[in-house]
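In what follows, a structure is listed as structure tokens, so that the remarks can point back to it.
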Amino acid sequence: MYEEHARKLRSEDTWRAVRRAWEAGETAASLARRYDVGLANLWRRRASEGWERRETADPDPEPMEGWDRYARRKLADFEYQLEETRLLAAKLAEAMQGGPLERVSVWHLGFVLAWRAANLTPETAAHDRAWAIRHGWTSAFWSETGWLHPTSYLDAVTLQANRDAWREDARLPSGAAESWPC
């Protein structure tokens with residue numbers, strides 16, 4: 001004759017606690033040990049009662065320099081970017097009011113020319129064209145009939161004409177990703 005194992009009966013309160021802990025992310029093996037329940041029973045209940053774990057995002061890893069130094073660096077970056085944006089805005093505002101184009105960044109030149117052509121006098125647009133054509137590659141901004149191309153086209157011309165400068169700004173080494181910008 002053989003001895004039968006005594007059945008472990010656990011209360012519904014115990015199983016509710018097991019379920020809460022499992023749904024919160026604890027492993028089945030650790031719960032089986034902690035609450036002295038059978039692992040097979042735990043899996044059976046999980047399946048029959050439809051237990052589901054809550055989606056939890058991984059915590060953000062702490063930066064190597066620690067959160068305080070990271071925050072200080074991020075604030076300095078933010079303040080620098082804020083000042084750069086304000087200086088750019090002031091230069092663009094001056095140019096868009098008819099000021100000199102020499103102080104406009106090459107990357108914003110097409111936008112400023114298009115804005116000035118649409119919002120300032122035809123004389124200003126003619127003066128801008130005469131100024132820009134002196135720079136060679138910018139003559140492609142205008143059609144054969146003298147109309148300024150759309151800004152997206154002007155940006156593409158600028159990017160192609162200044163490809164090496166863009167690659168340098170993007171920190172792309174020579175020989176890497178040579179098809180960019182296309």
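Scope of the values below: all heavy atoms of this structure, side chains included, with no hydrogens, waters or symmetry mates.
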Can you give each donor-acceptor pair under 3.5 Å made by side-chain atoms of residues 148-157, sequence neighbours left out, with the distance rounded to 0.1 Å?
none

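- Counted within 6.0 Å of CG on Asp68, heavy atoms from surrounding residues, nucleotides or ligands total 12 or fewer; the atom is thus considered open.
- Taking the side chain as every heavy atom from C-beta outward, Glu178 and Arg167 approach each other to under 4.5 Å.
- More than 12 heavy atoms of other residues, nucleotides or ligands lie within 6.0 Å of CZ in Arg134, so this atom counts as buried by the packing criterion.
- One finds the CG atom of Asp77 at 12.5 Å from the CG atom of Leu82 (value rounded to the nearest 0.5 Å).
- Looking only at distances, no side-chain donor or acceptor of Arg45 sits under 3.5 Å from a matching main-chain atom of Trp51.
- Within the 4.5 Å cutoff, the side chain of Val104 has no heavy atoms near those of the Glu94 side chain.
- Rounded to the nearest 0.5 Å, atoms CZ (Phe111) and CG (Leu92) are 7.0 Å apart.
- Residues meeting the side-chain contact (heavy atoms from CB on, under 4.5 Å) test with Ser48, sequence neighbours left out: none.
- At a threshold of 4.5 Å between non-hydrogen side-chain atoms, the residues Leu101 and Arg116 count as touching.
- Between Glu84 and Leu88 there is no side-chain heavy-atom pair separated by less than 4.5 Å.
- Atom CG of Asn119 is separated from atom CD of Gln97 by 11.5 Å, given to the nearest 0.5 angstrom.
- The distance from the OG1 atom of Thr14 to the CZ atom of Arg34 is 11.0 Å, given to the nearest 0.5 Å.
- Summarising the geometry, atom CZ belonging to Arg10 is positioned 12.0 Å from atom OH belonging to Tyr35; distances are rounded to the nearest 0.5 Å.
- Smallest separation of non-hydrogen atoms from Ala32 and Leu42: N-CD1, 4.4 Å.
- For Trp15, the ring pair (Phe, Tyr, Trp, His ring centres under 6.0 Å) criterion is met by no residue, not counting sequence neighbours.
- With salt bridges taken as basic N to acidic carboxylate O contacts below 4.0 Å, none links Glu26 and Arg20.
- Classified by interplanar angle (parallel below 30°, tilted 30° to 60°, perpendicular above 60°), the ring pair Trp43/Trp22 is perpendicular.
- Using a 4.0 Å cut-off between charged side-chain N and carboxylate O, Glu62 and Arg69 make no salt bridge.
- Here Asp13 pairs with Ser11, Arg16 under the side-chain contact (heavy atoms from CB on, under 4.5 Å) rule; sequence neighbours left out.
- Here Glu52 contributes atom CD and Arg19 contributes atom CZ; the two are 8.5 Å apart, rounded to the nearest 0.5 Å.
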Notebook entry, point to check: Given the rule in the side chain to side chain contact (heavy atoms under 4.5 Å, CB included) test, do Asp128 and Phe141 qualify, once you have shown the distances and angles that lead to the verdict?
Noted result: CA-CA 11 Å; Asp128 289 350; Phe141 282 1; over 6 Å; no
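- Residues satisfying the side-chain contact (heavy atoms from CB on, under 4.5 Å) criterion with Leu9, sequence neighbours excluded, are absent altogether.
- Around CZ of Arg53, the count of heavy atoms belonging to other residues, nucleotides or ligands within 6.0 Å exceeds 12.
- In the model, Trp131 has a side-chain atom that pairs as donor or acceptor with a side-chain atom of Glu102 under 3.5 Å.
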* Check step by step if side chain to side chain contact (heavy atoms under 4.5 Å, CB included) holds for Leu31 and Val37. => CA-CA 8 Å; Leu31 290 168; Val37 296; 5.7 Å; no
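- Within the 4.5 Å cutoff, no side-chain heavy atoms of Thr158 are placed close to those of Leu109.
- Annotation: ring pair (Phe, Tyr, Trp, His ring centres under 6.0 Å) contacts of Trp67 (sequence neighbours excluded): Tyr70.
- Around atom CD of Glu23, more than 12 heavy atoms belonging to other residues, nucleotides or ligands sit under 6.0 Å away.
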